[in-house]
Structures are given as structure tokens and as C-alpha cells.
J.: 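Below is the structure I would like to discuss, written out as C-alpha cells.
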There are 2 protein chains.
Amino acid sequence: MRLTTKGRYAVTAMLDLALHGVEHPVSLADISGRQDISLSYLEQLFAKLRRNNLVSSVRGPGGGYRLSRGGHEIFVAQIIDAVNETVDATGCGGSADCQQGEVCLTHHLWCDLSEQIHGFLSKISLSNLVERREVQTISARQNARSHSHQGETLALTEL
Amino acid sequence: MRLTTKGRYAVTAMLDLALHGVEHPVSLADISGRQDISLSYLEQLFAKLRRNNLVSSVRGPGGGYRLSRGGHEIFVAQIIDAVNETVDATGCGGSADCQQGEVCLTHHLWCDLSEQIHGFLSKISLSNLVERREVQTISARQNARSHSHQGETLALTEL
DNA sequence: TTATAGTTGATCAAATTAGTCGGTTATTGC
DNA sequence: GCAATAACCGACTAATTTGATCAACTATAA
């Protein structure tokens with residue numbers, strides 16, 4: 001079981017897409033600016049998201065990424081699976097040969113836990129997240145921030 | 001959120017204690033033999049388990065470790081917390097300053113997930129595990145194996 | 001007094017994570 | 001056609017974590 005910045009970044013970036021990519025594709029540079037994730041790192045993550053058919057890309061100026069289907073059809077578990085390979089909590093990857101070809105003492109416990117986590121994250125879609133009030137609030141804050149950043153050069157020349 | 005061999009080893013070792021340490025303390029060498037965990041590594045893990053008051057130790061010959069309290073009062077979540085520092089799924093460790101002092105877009109999602117995992121593992125005690133049929137079966141297999149390896153010095157003291 | 005077994009600390013190889021860099025391809029608008 | 005844009009790709013790196021080893025020490029039972 002791995003849940004690190006990698007998976008968190010991926011979900012955050014996908015949520016950013018769901019919030020801003022309704023009409024036109026969103027560039028990784030935009031996501032990078034809003035979510036404070038390194039552009040090069042985003043490229044790596046989106047390569048995997050693309051291979052897993054979660055996003056589609058548009059090249060050239062004005063291009064970027066968009067969700068490959070509606071936000072209500074994309075679930076957090078799928079995003080984490082895409083970048084993390086697995087959300088499995090067992091050591092044997094479910095193959096039940098943890099101790100010299102046989103199951104170890106705690107194998108079933110980790111199976112149950114994996115099922116629990118996966119069940120939880122499989123029920124949460126991007127649309128579910130978008131609808132949440134906190135997400136709306138934070139997103140509004142981020143938009144304000146990125147706008148004020150763009151105007152920063154202007155503000156300086158005014159002084 | 002980290003759940004790796006470390007946490008799994010710790011829970012497995014504690015379950016071994018619950019199974020074998022009812023009457024007399026169990027040495028790490030015994031656990032190492034039964035569960036295929038390196039002795040030196042077990043020492044590290046048990047140092048943490050001891051600091052967290054999950055086990056008590058008895059030095060000298062015939063010594064070893066025993067559970068610090070009944071198996072029904074020790075929960076899987078406590079064991080993993082003890083060796084892994086945290087079962088938290090957020091990047092900020094719950095302090096809600098993930099993005100330049102403010103909460104990031106997915107903060108609440110990771111909070112919910114943490115709660116979910118912790119809730120699940122907090123309800124499972126060592127006694128719960130001991131009672132499970134698969135655990136009984138696997139334990140019996142392990143005893144058979146270690147007896148055939150070591151002879152029957154243990155069998156006499158157990159009678 | 002000797003063997004046992006916990007205790008501590010230093011160290012280490014391998015793996016993984018997070019991130020960088022440089023270059024390439026495709027596409028758009030001028 | 002050409003320049004700007006932005007996806008795409010692969011190699012590479014630094015830092016961290018994991019899993020493990022080793023050596024030295026202390027307490028204790030027989």
C-alpha cells in the first residue's frame with residue numbers, strides 16, 4: 001500500500017482538470033501554477049494518466065489535457081491506481097504466497113484492509129469532489145491567487 | 001500514509017506473541033524462526049513497540065517479550081502507529097497547511113480516508129485475529145514446521 | 001560465572017520518490 | 001513557411017525510506 005505525494009498530486013491535478021477543463025483543455029503549466037506542482041513532475045504523472053485512459057491530450061498552442069469522460073465516471077481509486085500501480089496492502093500483491101509459497105499469518109487482514117480502502121476510494125468520483133463546499137472555497141482562493149500573480153508585474157511598474 | 005513490510009512485520013510479530021506468549025515470554029529468535037523475519041530487524045521494531053507500551057520485556061535466559069496487556073486491548077492501528085509514525089494519508093500530517101500555509105484542494109479527501117483506515121484498523125484487536133479460523137490454520141502449519149526444524153525441546157516445556 | 005536474550009547505536013545496500021534537464025514532435029496562428 | 005506553444009519522451013539525480021546487518025553492551029537465570 002502506497003499513498004504518497006505522487007498519488008495525492010495526481011488526484012489534485014485531476015480535480016483541477018475537472019474544475020477548469022470544462023470548456024477548453026487545460027495546460028500542465030496552468031495546473032502547475034495553481035496547485036504548486038512541478039511542471040516536469042506533472043508531465044510524468046500525466047503520461048501515466050493518459051496511458052490509463054483517464055485524460056486525453058491536445059497538442060499545440062491552446063492545447064492541454066481534458067478528462068477522457070465525465071467527472072462522475074472517474075473515481076479517485078482509478079487515479080491512484082494509474083500512477084501508483086497498486087493500492088494493495090498485502091506484501092504479496094494478493095497472490096497469497098507471502099511466506100515461502102504459503103500465506104503469511106496476517107495475509108487475510110491486509111486483504112480486508114485493501115478491500116476497505118479500495119471500496120472507499122472507488123465510490124468517490126471527481127464530480128463528488130467538485131460538489132463539495134470546501135473544494136469550491138479553496139478553488140476560488142486559488143483562482144484569486146493566480147490572477148493576482150499575473151498582475152504582479154503591472155502592480156510593480158505602477159509603484 | 002505508509003503501509004509497508006515494516007508495519008506488516010510488526011503486526012505479524014505481535015500476533016505471534018498473542019498466539020505463543022500466553023504463559024511464558026517469547027524470544028525474538030522464536031518469532032524470527034516462525035515468521036521469517038530477520039532477528040536484527042525485529043529488534044528495531046520491538047524497540048518501538050516497547051516505547052509505545054505495547055509489549056514488555058524480560059531479560060536473561062528464558063526471557064523474551066510478552067504483550068503489555070490482554071490481546072483484546074491491543075489494536076492493529078496502535079501497532080502500525082508505533083512503528084510507522086503515522087497512518088495519516090494527508091501530506092501535511094493533518095496540520096492543514098499543505099499549500100503555502102493554506103489547505104490544498106484535496107486535503108479533506110485525505111482526512112476522510114485517514115479516518116476511514118484508522119477506524120477500520122482501530123476496531124481489530126489481536127484477540128479478534130487470533131479467533132479467526134485462517135489464523136488458527138496458518139499458525140498450526142507454522143508450529144509443525146518449526147518443530148520439525150528444532151526438535152522437541154519446546155514440546156516438553158509446553159506439556 | 002557463563003550462556004541467554006534484550007538494548008542500543010552505527011552503518012549499509014537497494015528501492016522509491018520527487019524532481020530536473022534536454023530534446024522531440026505536433027499544432028496553431030501569423 | 002515560421003515561430004510559438006505545449007504535449008511527449010527518456011535519461012538522470014538527490015533525498016529519503018526501507019529492510020537489514022553488525023558490534024557492543026546490560027541484565028538475569030541457572
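Below, chains carry the letters A, B, ... as their sequence lines are ordered, and counting in each starts from 1. Since the model is a prediction, treat every value here as computed from it, not as a measurement.
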J.: Whole angstrom is fine here: how far is it from CG in A/L42 over to C1' in C/dC21?
T.: 16 Å
J.: Rounded to whole angstroms, how far apart are CG on B/D36 and P on D/dA20?
T.: 10 Å
J.: Please set out all donor-acceptor pairs under 3.5 angstrom arising from side-chain atoms of residues 49-66 of chain A, sequence neighbours excluded.
T.:
{"unit_1": "A/R50", "atom_1": "NE", "unit_2": "A/S57", "atom_2": "OG", "d": "3.3"}
{"unit_1": "A/N52", "atom_1": "ND2", "unit_2": "A/K48", "atom_2": "O", "d": "2.9"}

J.: Measure the distance from CG on B/L45 to P on C/dT8 and round it to the nearest whole Å.
T.: 14 Å
J.: Taking ring pair (Phe, Tyr, Trp, His ring centres under 6.0 Å) as the test, write out the residues that go with B/F75, two or more places apart.
T.: none
J.: Using side chain to side chain contact (heavy atoms under 4.5 Å, CB included) as the criterion, list what pairs up with B/V22, not counting sequence neighbours.
T.: none
J.: Take the protein atom NE2 of B/H24 and the nucleotide atom P of C/dA5, then report the distance between them rounded to whole Å.
T.: 12 Å
J.: If you take all heavy atoms of A/I80 and A/G7, which pair is closest and at what distance?
T.: CG1-O, 4.4 Å
J.: What is the separation between atom CD1 on B/I31 and atom C1' on C/dA5, rounded to the nearest whole Å?
T.: 12 Å
J.: Is the phosphate of C/dT16 approached by A/T4 (side-chain N or O, under 4.0 Å from OP1 or OP2)?
T.: no
J.: Given the structure, check if the side chain of A/E43 and the base of D/dA7 hold any donor-acceptor pair shorter than 3.5 Å.
T.: no
J.: Ignoring backbone atoms, establish whether B/R50 has a side-chain N or O less than 4.0 Å from OP1 or OP2 of C/dT7.
T.: yes
J.: Once hydrogens and angles are ignored, does a donor-acceptor distance under 3.5 Å link the base of D/dT18 to the side chain of B/Q44?
T.: no
J.: At less than 4.0 Å, is any side-chain N or O atom of A/S57 found next to OP1 or OP2 of D/dC8? Yes or no.
T.: yes
J.: Could you tell me whether B/L39 contacts a base, only the sugar-phosphate backbone, or nothing, with contacts defined as non-hydrogen atoms closer than 4.0 Å?
T.: nothing
J.: Tabulated below should be each protein N or O lying under 3.5 Å from an N or O of nucleotides 24-27 of chain C; please produce it.
T.:
{"unit_1": "C/dT25", "atom_1": "O2", "unit_2": "A/R59", "atom_2": "NH1", "d": "3.1"}
{"unit_1": "C/dA26", "atom_1": "O4'", "unit_2": "A/R59", "atom_2": "NH1", "d": "2.3"}

J.: Between A/Y9 and C/dG19, is there a contact of a side-chain N or O with OP1 or OP2 at under 4.0 Å?
T.: yes
J.: Closer than 4.0 Å, any side-chain N/O of A/S27 to the OP1 or OP2 of D/dT5?
T.: no
J.: Distance check needed: D/dT17 P versus B/K48 NZ, whole Å only.
T.: 11 Å
J.: Output the rounded distance in Å from OH (B/Y41) to C1' (C/dT8).
T.: 17 Å
J.: Return the value, rounded to whole Å, for the distance between atom NZ of A/K6 and atom C1' of C/dT17.
T.: 7 Å
J.: Using the closest heavy atom to pick a nucleotide of DNA chain D for each, name whichever of A/S40 or A/G64 lands nearer the 5' end.
T.: A/G64
J.: Does B/E115 have any salt bridge (Lys or Arg N to Asp or Glu O under 4.0 Å) partners at least two apart in sequence or in another chain, and if so, which?
T.: none
J.: Write down the atom of A/V83, the atom of A/K6, and the distance for their closest heavy-atom approach.
T.: O-CD, 3.7 Å
J.: Strictly by ring pair (Phe, Tyr, Trp, His ring centres under 6.0 Å), give each pair with a member in residues 7-27 of chain A just once, sequence neighbours left out.
T.: A/Y9-A/Y41
J.: Are A/R133 and A/T137 close enough, and set up right, to give a side-chain contact (heavy atoms from CB on, under 4.5 Å), and what steps lead you there?
T.: CA-CA 6 Å; A/R133 170 170 289 192; A/T137 313; 4.2 Å; yes
J.: When all nucleic acid strands are considered with a 4.0 Å heavy-atom cut-off, which category describes B/Y65: base, sugar-phosphate, or nothing?
T.: sugar-phosphate
